[in-house]
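For reference, the structure is listed below as structure tokens.
In what follows, chains are A, B, ... by sequence order, proteins preceding strands, each numbered from 1.
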Amino acid sequence: MHSRHSDYDFKAIEACWQAYWEEHQTFRATEDVAKPKYWVLDMFPYPSAAGLHVGHIEGYTATDIIGRYKKACGFDVLHPMGWDAFGLPAEQNAIATGIHPSVNTQNNIDAFKKQMQRVGLGIDWSREVNTTDPKFYRWTQWIFLQFFKHGLACVSEQPVWWCPKLGTVLANEEVIDGKSERGHYPVERRALRQWVLKITKYADKLLKGLDGLQWPEATKRQQQAWIGRSEGGLITFKTSANCDLTVFTTRPDTLFGVTFIALAPEHSSVDKLATDAQRGAVESYKREIASKSDLERTDLAKIKSGVFTGTYAVHPLTGAKIPIWVADYVLMHHGTGAVMGVPAHDTRDFEFAQTHSLPVVRVIKGANNEPLPFCNKGTLTASGEFSSLPSDEASRKILSVLKAKGIGKTTVQYKIHDWLFSRQRYWGEPFPIVWVKKADYERLTACENSPFLEFLPEESVSYEEKGEIFCAVPLTSEHLPLTLPQVSSYKPGEGATAPLQNADPSWLHVRLNIRTGEIRPKNEGCEGCQMPASGNAEKNANAYISKEKTDISCTSEGGFDKGDWIEGTRETNTMPQWAGSCWYYLRYLSPNDNEKPVNADALKYWQTPDLYVGGAEHAVLHLLYSRFWHLFLHDCGFVSTPEPFQKLFHPGIILGSDGNKMSKSLGNVVNPLDVADEYGADALRLYEMFLGPLEASKPWSTKNIEGVSRFLKKIWRLFVTVEGTLSEHIGGERDSAALECLLNETVQKVTEDIENLRFNTAISQLMICLNGFQKEPYLSKTAAKTFLQLLAPFAPHIAEELWERCGEQSSIIDAGWPKPDPSKCIRDELKIIIQVNGKLRDEICVSTDVSKEEILKIARSAPRAVPFLAKGTIAKEIYVSGKLVNFVVKD
RNA sequence: GCCCGGAUGGCGGAACGGUAGACGCUGAGGACUUAAAAUCCUCUGAUCGUAAGAUCGUGCGGGUUCGAAUCCCGCUCCGGGCACCA
């Protein structure tokens with residue numbers, strides 16, 4: 001039984017055209033040099049077990065519309081997709097089930113891909129990338145080794161964020177309000193040896209590069225704030241304890257207002273400065289602070305605690321005695337960990353001085369004698385020879401005086417820290433690093449043609465443990481990819497030990513042949529070149545057993561020469577999830593290239609994405625990290641542009657119908673595939689685009705899908721009769737002038753709106769156009785087909801189907817994009833609005849050739865305006881050409 | 001605390017300083033139908049009015065302008081970011 005409703009059989013139509021696109025490779029990017037290129041990029045998803053959500057669809061539909069539109073316009077379009085597939089959920093699943101995370105990851109990827117295809121996204125699947133694929137992460141490791149070689153990847157032992165619940169360290173960017181970004185678990189400070197990437201070396205470039213980018217201003221500001229450049233001075237204070245103190249300040253002009261110095265409790269000079277009388281108090285204060293969590297310490301509401309060291313500093317210009325305190329509001333990781341306390345002109349110093357009864361000396365005057373603390377710039381007072389100078393000039397002069405004395409200099413500080421780059425996790429890229437003893441390292445560096453020199457940095461990366469120094473030896477290109485070994489347990493160990501510690505000892509402990517580059521398990525001689533198969537390895541995870549070329553030199557002439565071998569231990573940390581996403585977009589250009597991370601010819605053609613669409617939540621994580629990597633690759637000469645993403649757009653969040661963020665616990669989650677099953681993929685796409693402006697956060701409303709669903713059914717009925725034949729309604733000889741005008745307005749409006757990513761108003765214009773079609777007794781097939789072309793990027797399946805039913809042979813996307821003909825929209829009559837004192841009173845229709853004087857004359861006698869004109873005399877007449885007349889009437 | 005962004009009918013939202021509420025949803029009434037669904041037509045910001053129409057109306061208070069949802073100043077509320085960064 002077929003009801004009339006089923007005439008528009010979206011299920012069959014959508015499946016049919018998805019198969020057609022697949023078969024004809026419609027969305028394959030061809031690198032056709034005869035065409036201009038357009039690369040539209042989505043932030044690739046983490047393939048979670050939950051599948052696609054409506055937010056994914058929103059962004060991907062937007063890029064799909066752009067991609068299809070640009071393709072119709074004649075561009076060679078690249079719209080690729082991939083998987084950011086390393087990460088915690090797959091690992092936790094592995095811990096729970098014992099099944100290798102790759103299995104779970106692949107299942108999720110398969111599901112995601114199927115869902116994307118179900119929505120009809122025009123993606124070039126031949127370029128799919130997956131960060132967990134050794135063929136991909138081989139190059140992530142290779143880029144890491146470039147950082148290493150250039151001295152930008154090193155280890156340091158310093159306080160880092162440790163999350164006990166996750167069993168790993170986290171980057172600053174991953175810690176929000178003292179909790180982990182993923183999972184919201186508490187974090188604490190721990191001194192650990194970790195890998196860092198020296199992003200601070202790029203702070204200035206990252207800041208300046210923002211200027212030319214077409215990014216949302218808010219996102220640029222967020223990055224600016226995160227980089228946090230501040231110019232200031234370093235000022236050294238002599239003390240009575242034979243131990244100088246250097247402070248950082250952005251306000252050297254307030255130097256005469258210094259009434260105390262405050263040191264962070266971790267400051268290295270605290271012990272030296274504590275007098276015998278105060279030592280006990282200082283020690284117990286330090287202990288008290290050490291026991292506090294970072295959250296407690298950074299609580300702004302708390303009273304500013306501190307303790308006097310007993311020692312005084314000498315003011316560099318006045319010679320005054322200044323007490324030195326220890327205070328936990330001073331942060332060790334900013335500036336020098338020491339501040340000059342100027343309570344009159346700094347809120348925090350003021351609070352501290354009030355709490356501890358320290359003097360407050362005003363040295364800056366504002367314009368209006370503002371109360372203290374006064375933190376703005378102003379005019380100096382009580383500052384010796386500098387009095388009555390403005391702040392900026394005084395700062396410069398004071399610093400130059402101090403500089404002459406050798407106790408001051410200008411400097412730039414950044415808030416951004418080096419990027420903590422190692423994690424104690426299994427499901428991440430292994431570091432292509434082996435740790436060897438210092439003496440062995442020196443033998444290696446002395447070996448002139450050692451393959452291990454390929455990525456060797458000028459300065460060794462090393463750490464000390466129990467009196468022994470270990471140095472990092474980089475693997476060579478030949479050793480990549482260093483694949484993840486099998487482990488007996490995916491769980492991290494106690495005290496920041498990584499899951500890779502659980503790998504087979506034959507993987508962990510190795511011997512390197514410094515002459516040939518060969519790597520073998522430590523406990524094997526030449527005979528046993530083959531890596532032993534791990535006894536408990538899963539069959540389907542064999543791909544993850546190391547495939548290093550252990551057999552290169554076994555047969556070589558040199559054979560096994562004891563002098564060429566050094567022993568080492570592999571690095572067992574893995575890279576953070578952000579690593580792969582730092583450069584994945586480049587891999588789309590040549591996903592199968594075995595020589596380079598990205599092929600030079602492909603790069604030359606595609607350059608960088610023309611549009612990047614993804615969530616604003618990545619403003620300081622992914623978007624900063626990938627800019628850093630790209631800048632670095634640019635400096636190395638691998639890419640020709642310094643910035644990866646010229647134009648960026650953030651889609652807004654789709655909220656639940658209750659106005660809250662969609663979440664399982666609130667039960668307001670909408671599964672987009674359910675919607676596609678009930679209303680069709682075209683309706684789902686149209687609905688998400690019609691919700692509101694793409695950048696706005698907006699609530700979901702299932703009820704409103706009826707609207708776009710009706711729109712599609714109306715279109716169907718316009719073209720197709722109940723019997724399934726082409727409707728006579730679209731068989732008109734020629735179109736009315738009104739319809740031609742409407743159609744051209746629609747071409748114009750839809751084109752503009754797509755270019756500006758204003759899809760909601762584009763769709764409403766299509767609706768207006770369709771409503772106009774319905775009112776015509778007949779319209780031409782040409783007009784109807786133009787409408788289909790405009791509809792195609794939004795609702796591609798129905799557009800293709802009706803296009804074919806109109807007698808066309810090839811895909812609608814190959815039919816080009818309609819051009820508006822403004823001559824069709826010229827009207828012979830104008831509607832002029834008549835206002836009196838700015839209020840609408842009447843309107844008149846005049847022929848386009850009527851003069852301004854004529855129009856004003858007609859307007860003065862417009863029947864509904866006359867009573868209001870009669871209330872006084874016309875003081876002024878304003879005429880906006882072709883639009884309105886406004887009479888200013890006074891009593 | 002600081003820095004952004006936002007606030008328009010019953011709802012989602014339109015509106016180069018120039019007819020506020022396009023388009024869609026909802027609701028009411030009508031047509032078709034034995035009936036329902038679907039579809040089509042009319043109305044749907046508030047108040048007064050039988051109507052014509054009038055008055056009010058874009059978070060609040062001022063201002064600029066012939067004319068303000070739009071620009072400026074001062075608030076309120078909501079959302080986001082940063083947060084002892086010296």
NZ/NE/NH1/NH2 to OD/OE distance under 4.0 Å, A:D392 and A:K377 = yes
Residue pairs involving residues 866-882 of chain A (criterion side-chain hydrogen bond (donor to acceptor under 3.5 Å, both in side chains); sequence neighbours excluded) | A:R860-A:E877
Using a cut-off of 4.0 Å on non-hydrogen atoms, how would the nucleic acid contact of A:K714 be classed: base, sugar-phosphate, or nothing?
-> sugar-phosphate
Which part of the nucleic acid, if any, lies within contact of A:V888, taking any heavy atom under 4.0 Å across all strands shown: a base, the sugar-phosphate backbone alone, or nothing?
-> sugar-phosphate
Considering only heavy atoms and no angle criterion, is a donor-acceptor pair shorter than 3.5 Å present between the side chain of A:K883 and the base of B:U19?
-> no
Tell me what A:K831 touches on the nucleic acid: a base, only sugar-phosphate, or nothing, going by heavy atoms under 4.0 Å.
-> base
Identify whether any heavy atom of A:D349 sits under 4.0 Å from a base atom; if not, whether one sits that close to sugar-phosphate; answer base, sugar-phosphate or nothing.
-> nothing
Starting at the 5' end of RNA chain B and moving along, which residue's nearest nucleotide shows up first, A:F868 or A:G337?
-> A:F868
Between A:K713 and A:F711, is there a donor-acceptor pair closer than 3.5 Å when you use the side chain of the first and the backbone of the second?
-> no
Indicate, with a heavy-atom threshold strictly under 4.0 Å, whether A:I768 touches base, sugar-phosphate, or nothing.
-> sugar-phosphate
Under 4.0 Å between any heavy atoms, over every strand shown, what does A:L884 touch: base, sugar-phosphate, or nothing? Just pick one.
-> base
Pick the nucleotide of RNA chain B nearest each of A:N886 and A:A338; which residue has the one closer to the 5' end?
-> A:N886
What nucleic acid atoms does A:R841 come within less than 4.0 Å of, heavy atoms only: base, sugar-phosphate, or nothing?
-> sugar-phosphate
Side chain of A:E706, base of B:G24: donor and acceptor closer than 3.5 Å?
-> no
Assign A:A218 to base, sugar-phosphate, or nothing according to its heavy-atom contacts below 4.0 angstrom with the strands shown.
-> sugar-phosphate
Is any side-chain N or O of A:K839 closer than 4.0 Å to OP1 or OP2 of B:C56?
-> yes
What does A:V330 touch in the nucleic acid at a heavy-atom separation under 4.0 angstrom: a base, only the sugar-phosphate, or nothing?
-> base
Base, sugar-phosphate, or nothing: which does A:T761 touch, judged by heavy atoms less than 4.0 Å apart?
-> sugar-phosphate
Give A:K703 one of three labels, base, sugar-phosphate or nothing, depending on what nucleic acid heavy atoms sit under 4.0 Å from its own.
-> sugar-phosphate
